[in-house]
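So the structure is just underneath, and the comments pick up after that.
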Amino acid sequence: MNRIVFILSFVLLIALYIVWGQLEFPFGGFMVVVGTLVLVYFRRRYLHMKPYWGGSLSDIPKYFTLP
């Protein structure tokens with residue numbers, strides 16, 4: 001997942017949350033939290049980063065650079 005796909009997916013997730021709220025469906029916030037966690041997981045996996053518990057915090061800038 002490159003940067004453009006990640007950003008577009010996140011924008012789509014926010015748009016779905018807004019539409020979900022306008023339709024007055026419950027659990028919209030839960031959908032955003034789970035969706036964000038899934039997006040971050042796949043982004044980190046695409047960049048071949050170590051899991052949060054196995055890596056140092058110095059790899060965070062790698063998250064915002066092109067692979």
With clusters defined by side-chain heavy atoms of hydrophobic residues (ILVMFWY) lying less than 4.5 Å apart, directly or transitively, does [Y] cluster with [X]?
X: Tyr17; Y: Leu12; result: no
X: Ile7; Y: Phe10; result: yes
X: Val32; Y: Leu8; result: no

| message | If the test is side-chain contact (heavy atoms from CB on, under 4.5 Å), which one of Val40, Val33, Val34 qualifies with Leu37? | response |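 It is Val33, the one option of Val40, Val33, Val34 that forms the side-chain contact (heavy atoms from CB on, under 4.5 Å) with Leu37.
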Shortest non-hydrogen contact from [X] toward [Y]:
X: Phe6; Y: Arg43; value: CD1-CB, 4.0 Å
X: Leu13; Y: Leu39; value: CD2-CD1, 4.3 Å
X: Phe27; Y: Trp20; value: C-NE1, 4.1 Å

| CG of Leu23: more than 12 outside heavy atoms within 6.0 angstrom? |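 Yes.
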